[in-house]
*Asks:* 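Can you read through this structure? Questions will come right after.
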Amino acid sequence: MAERTLGWIQNPSSFENLKNVVSVFDKNSDIYKEILNTKLPKLVKDLDLQNKLISELEKDPLEMDYVLLKGHGIKSGQKRADAECSGIVQAAITTQGGRAYTDDWTADGFLRWGISIGLLDYDTEKDTVSITKLGEKFVKSNSEDPDKEILISAFLSYPPAVRILTLLENGDHLTKFELGKQLGGLGEAGFTSIPQDLYIQAIELAADKDKASIRSNTEGSADKYARMISGWLSKVGLVQRVTKEVSTKIGNIEYKINIGHSFRITLLGIKELKRARGLSSYPKTDKIVYWQMLATKGKDRDYIRNRRGHIIKAINNRERNLENIKSYLLENDIKENITTIEDELKVIEAIGLSLKHSRNGYVIDDNIIKLEIPRTKISKTNVLELKDKVRNKLKYVDHRYLALIDLAYDGTANRDFEIQTIDLLINELKFKGVRLGESRKPDGIISYDINGVIIDNKSYSTGYNLPINQADEMIRYIEENQTRDEKINSNKWWESFDEKVKDFNYLFVSSFFKGNFKNNLKHIANRTGVNGGAINVENLLYFAEELKSGRLSYVDSFTMYDNDEIYVGSFTDYSNVKIAAEEESHYSI
DNA sequence: TCGGATGAACGATAGAGTAG
DNA sequence: GCTACTCTATCGTTCATCCG
């Protein structure tokens, strides 16, 4: 079975191009003829491939191979911009720069789009795509209003679009960040969302020349999904794009910026949403839920897809309580605790399914089509084990922050790890703070009353040994903060500390610590006279839990920096902290 | 900004190498 | 010479920001 991801679409937005792509599956369309007779012979240099693509297009019925539709990427060493046309769908789209074909990723996006909203149909076994009745109708329609009508019903069969409409339903005016945060995997890998107030802070603290690029370059995947879906919905009149003024406080000053990617529902949107739910005389709209849309990224992708898929099956049009869902999962070789199931239900809701909760349990009352769960048994990795273990211990901290575990172990996610760590400390907890994180600035700082902490984040899949150059960098920051001399560092990052902060500590945060890090912690303290510590992501979350539950006071929390690794030992029901630390290699996959 | 475009991470896979 | 396994180079998939 081919590895595919469906349901989440990054690039496509133009209805015209969407129609071109669906038209590829209609032998009578002009696009079909042009691709077959002109574009492929001209654009595909590799003659073997050209013949393959042409004979694929001449098949009857027209059920085409996903790989040949999408095409492939580049040979190693090549630039993407130099890639030749290698797929049928690539040839269906003329690019922004005026090139006669697009790249494999955008082609993949258009295929995903057509499949996800039911204009195209995907066969998981054969890895092929064909056109649906609705797709045929879309290709044949040749004016704007019927197009819109078809697309509205297509979008209403796409759960993430229903999710966006539902979030806006009560009249809220939401930005792409506010929507993205509540869409899909809720912050997990593949669904990153930028915390809005950190975005505002970043723009406000940046030099004028940098503001525009921060605006255009700071966008998580989920934020982007929200922007694209809202964009489609606004083109068919279900939502309206209205600039929103948002604000946040840094210190005692309130900063305001405008975010253009903000949306409201329209009257038509409310009406169509009701119709999709079957609340009028219309029948309920079927929901297209491919197994391939239940998770998108990471080693545990297939395991999570199965877990979510079985939970959906368990309660689709049948009410079950948590215990019964748990046993249903067990029958399908998935052993999970209640907390995990509760969190998964939130994700299922955030994907856009209609989850109802009553005294007797949970039910999804959508008519779900296309959901087929493969029978192969998959076990979870140690990172997911850790995540689910910590999940079970967090009663106060929002489980969204479990994403920190993914990020800490994902060596490529350093920036997001910094952002989400500061987000946890200032938005979920009561610290004041800022994420700094540019060159010659610490990753972030936090404070509470007179106490301040300089924070350094490092995401590493195999653990962090705090090398001496990183320790020296921390020493430099501590000394810069002590002398506060503009001549030494002109960016004056220390001014982001509240004025009353007098006592300072430092902190390293990573997946887990190993090697010589303890000596380097002591080295930092000896050199600067400032005490600090290192905390692994697991204990960071327990630390947050202790603070949020009130079992640990903010003032007392500053006594924990004693130039060693910080364990949250007082944690109830957690007697094996030390053991877990000694077994750290256990999580170092 | 809109509507994609890009470089890169990382898993999958095929072919080369090798122990037995 | 052959099988079964490992090791490596390349390929394919999918972001997570980037950008004309």
Side-chain angles (χ1 to χ4, degrees), chain A residues 1-18 20-21 65-68 70-83 86-87 89-90 92-99 101-113 127 176-177 180 184-185 187-194 199 202 210 212-225 227-232 234-235 241 243 258-262 292-293 295-302 381 403 406-407 409-420 459-462 589:
Chain A
M1 196 181 72
E3 279 286 308
R4 301 278 163 225
T5 297
L6 301 173
W8 301 100
I9 295 115
Q10 280 203 339
N11 288 352
S13 182
S14 145
F15 291 166
E16 197 189 330
N17 279 338
L18 176 64
N20 288 347
V21 169
D65 186 66
Y66 199 103
V67 174
L68 297 177
K70 171 188 160 182
H72 52 69
I74 47 172
K75 299 258 181 294
S76 60
Q78 250 183 325
K79 289 234 172 227
R80 286 184 69 100
D82 301 332
S86 59
V89 170
Q90 290 183 18
I93 291 165
T94 304
T95 64
Q96 292 175 340
R99 204 172 61 178
Y101 61 96
T102 189
D103 71 325
D104 61 326
W105 177 236
T106 298
D108 192 36
F110 275 100
L111 276 171
R112 286 190 193 188
W113 197 13
D127 196 32
K176 64 176 174 182
F177 303 109
E188 77 186 26
F191 293 92
T192 51
S193 176
I194 307 286
Y199 174 80
D210 299 329
S213 84
I214 292 175
R215 267 183 186 277
S216 71
N217 299 347
T218 310
E219 179 177 55
S221 293
D223 307 328
K224 169 126 199 190
Y225 295 138
R227 169 161 72 95
M228 297 323 259
I229 294 168
S230 303
W232 312 334
S234 83
K235 284 192 211 169
R241 189 173 152 240
T243 298
N258 289 322
I259 296 182
H261 294 123
S262 308
Q292 287 90 339
M293 78 183 288
T296 67
K297 201 187 170 189
K299 286 199 178 81
D300 289 299
R301 186 174 77 176
D302 287 354
T381 66
D406 287 335
L407 297 172
Y409 281 88
D410 176 355
T412 71
N414 214 32
R415 168 177 150 154
D416 211 21
F417 186 40
E418 290 167 14
I419 293 175
Q420 303 297 339
S459 61
Y460 272 111
S461 60
T462 54
I589 47 154

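Per chain, numbering begins at 1; letters A, B, ... match sequence-line order.
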*Asks:* By the 4.0 Å heavy-atom rule, please label A:T218 as base, sugar-phosphate, or nothing.
*Replies:*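 Since no nucleic acid heavy atom lies under 4.0 Å of A:T218, the category is nothing.
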*Asks:* Contact class for A:A81 vs. all strands (heavy atom < 4.0 Å): base, sugar-phosphate, or nothing?
*Replies:*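 The residue A:A81 makes sugar-phosphate contact but no base contact.
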*Asks:* Rounded to whole Å, how long is the line connecting atom CD1 of A:I229 with atom C1' of B:dG3?
*Replies:*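 Rounded to the whole Å, the gap is 15 Å.
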*Asks:* Examine B:dA5: is either OP1 or OP2 under 4.0 Å from a nitrogen or oxygen in the side chain of A:T102? Give yes or no.
*Replies:*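 For B:dA5, OP1/OP2 do have a side-chain N/O of A:T102 under 4.0 Å.
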*Asks:* Looking at A:K297 and A:D406, is any side-chain nitrogen of the basic one under 4.0 Å from a carboxylate oxygen of the acidic one?
*Replies:*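 No, A:D406 and A:K297 are not salt-bridged.
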*Asks:* With the side chain of A:T106 defined as its heavy atoms from C-beta on, choose the nearest nucleotide among B:dA5, C:dC18, B:dG11.
*Replies:*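 Between B:dA5, C:dC18, B:dG11, the one nearest the side chain of A:T106 would be B:dA5.
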*Asks:* Taking only the side-chain heavy atoms of A:W105 (C-beta and beyond), determine which of B:dG3, C:dC19, C:dA16 contains the nearest atom.
*Replies:*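 Nearest listed nucleotide: C:dA16.
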*Asks:* Going by ring pair (Phe, Tyr, Trp, His ring centres under 6.0 Å), name the residues that satisfy it together with A:Y101, two or more places apart in sequence or in a different chain.
*Replies:*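 Per chain and number, A:Y101 pairs via ring pair (Phe, Tyr, Trp, His ring centres under 6.0 Å) with no residue.
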*Asks:* Looking at B:dG3, I'd like to know if its phosphate oxygens (OP1 or OP2) sit under 4.0 Å from a side-chain N or O belonging to A:N17.
*Replies:*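 For B:dG3, neither OP1 nor OP2 has a side-chain N or O of A:N17 closer than 4.0 Å.
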*Asks:* Tell me whether the side-chain N/O atoms of A:K79 come closer than 4.0 Å to OP1 or OP2 in B:dG7.
*Replies:*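 Yes, A:K79 has a side-chain N/O under 4.0 Å of OP1/OP2 on B:dG7.
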*Asks:* Restricting to side chain to side chain contact (heavy atoms under 4.5 Å, CB included), what partner residues turn up for A:T218, sequence neighbours left out?
*Replies:*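 Side chain to side chain contact (heavy atoms under 4.5 Å, CB included) list for A:T218, sorted by chain: A:I194, A:Y199, A:I214, A:R415.
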*Asks:* Only counting residues at least two apart or in another chain, list the ones meeting salt bridge (Lys or Arg N to Asp or Glu O under 4.0 Å) with A:D300.
*Replies:*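 With neighbours one apart ignored, the set is empty.
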*Asks:* Under 4.0 Å, counting only non-hydrogen atoms across every strand here, what does A:S221 touch: a base, just sugar-phosphate, or nothing?
*Replies:*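 Contact class for A:S221: base.
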*Asks:* State whether A:K297 places a side-chain N or O below 4.0 Å from either non-bridging phosphate oxygen (OP1 or OP2) of C:dA16.
*Replies:*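 Yes.
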*Asks:* Of the nucleotides C:dC19, C:dC15, B:dA5, which one has an atom closest to the side chain of A:S216?
*Replies:*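 Comparing C:dC19, C:dC15, B:dA5 against the side chain of A:S216, the answer is C:dC19.
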*Asks:* Starting at the 5' end of DNA chain B and moving along, which residue's nearest nucleotide shows up first, A:Y199 or A:F110?
*Replies:*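 Of the two residues, A:Y199 wins.
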*Asks:* On DNA chain B, compare the nucleotides closest to A:G260 and A:G298; which residue's is nearer the 5' end?
*Replies:*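 Closest to the 5' end, via its nearest nucleotide, is A:G260.
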*Asks:* Applying ring pair (Phe, Tyr, Trp, His ring centres under 6.0 Å), can you list everything that pairs with A:F417, at least two apart in sequence or on another chain?
*Replies:*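 A:F417 satisfies ring pair (Phe, Tyr, Trp, His ring centres under 6.0 Å) with no other residue.
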*Asks:* Could you give the CG-to-C1' distance, from A:D416 to C:dC15, as a whole number of Å?
*Replies:*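 Rounded to whole Å, this separation is 12 Å.
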*Asks:* Please tell me whether A:N258 and A:T243 have a donor and an acceptor in their side chains that are separated by less than 3.5 angstrom.
*Replies:*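 No, no side-chain donor-acceptor contact under 3.5 Å.
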*Asks:* May I have the distance from A:H261 (atom NE2) to B:dT1 (atom C1'), rounded to whole angstrom?
*Replies:*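 Whole-Å distance recorded here is 6 Å.
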*Asks:* What pairs with A:D108 under salt bridge (Lys or Arg N to Asp or Glu O under 4.0 Å), at least two apart in sequence or on another chain?
*Replies:*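 Listed in chain order: A:R112.
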*Asks:* Starting at CD1 of A:I9 and ending at P of B:dG3, how long is that distance when rounded to a whole Å?
*Replies:*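 Answer to the nearest Å: 15 Å.
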*Asks:* Categorize A:S213 for me: base, sugar-phosphate, or nothing, with a 4.0 angstrom heavy-atom threshold over every strand shown.
*Replies:*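 Here A:S213 touches no strand at all.
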*Asks:* To the nearest Å, give me how far apart CD1 (A:I259) and P (B:dT1) are.
*Replies:*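 Rounded to the whole Å, the gap is 10 Å.
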*Asks:* In whole angstrom, give the distance that lies between atom OH of A:Y101 and atom C1' of B:dA5.
*Replies:*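 Spelled out: OH on A:Y101 to C1' on B:dA5 is 13 Å.
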*Asks:* Run the numbers on A:T106 and A:D103 for side chain to side chain donor-acceptor pair (under 3.5 Å), then give the verdict.
*Replies:* CA-CA 6 Å; A:T106 298; A:D103 71 325; 2.9 Å; yes
*Asks:* Give every pair of a protein N or O atom and an N or O atom of nucleotides 9-13 of chain C that lie under 3.5 Å apart, one pair per line with the distance.
*Replies:*
{"from": "C:dT13", "atom 1": "OP1", "to": "A:R4", "atom 2": "NH1", "distance (Å)": "3.2"}
{"from": "C:dT13", "atom 1": "OP1", "to": "A:R4", "atom 2": "NH2", "distance (Å)": "3.3"}
{"from": "C:dT13", "atom 1": "OP2", "to": "A:K70", "atom 2": "NZ", "distance (Å)": "3.3"}

*Asks:* Rounded to whole Å, how long is the line connecting atom CD of A:E188 with atom P of C:dT14?
*Replies:*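 That distance rounds to 15 Å.
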*Asks:* I want to check one thing: is the phosphate of B:dC2, taken as OP1 and OP2, less than 4.0 Å away from some side-chain N or O of A:K176?
*Replies:*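 Answer no for this pair, as no side-chain N or O of A:K176 is under 4.0 Å from OP1 or OP2.
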*Asks:* Between A:N20 (CG) and B:dG3 (C1'), how many Å, whole number?
*Replies:*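 In whole Å, B:dG3 C1' lies 14 Å from A:N20 CG.
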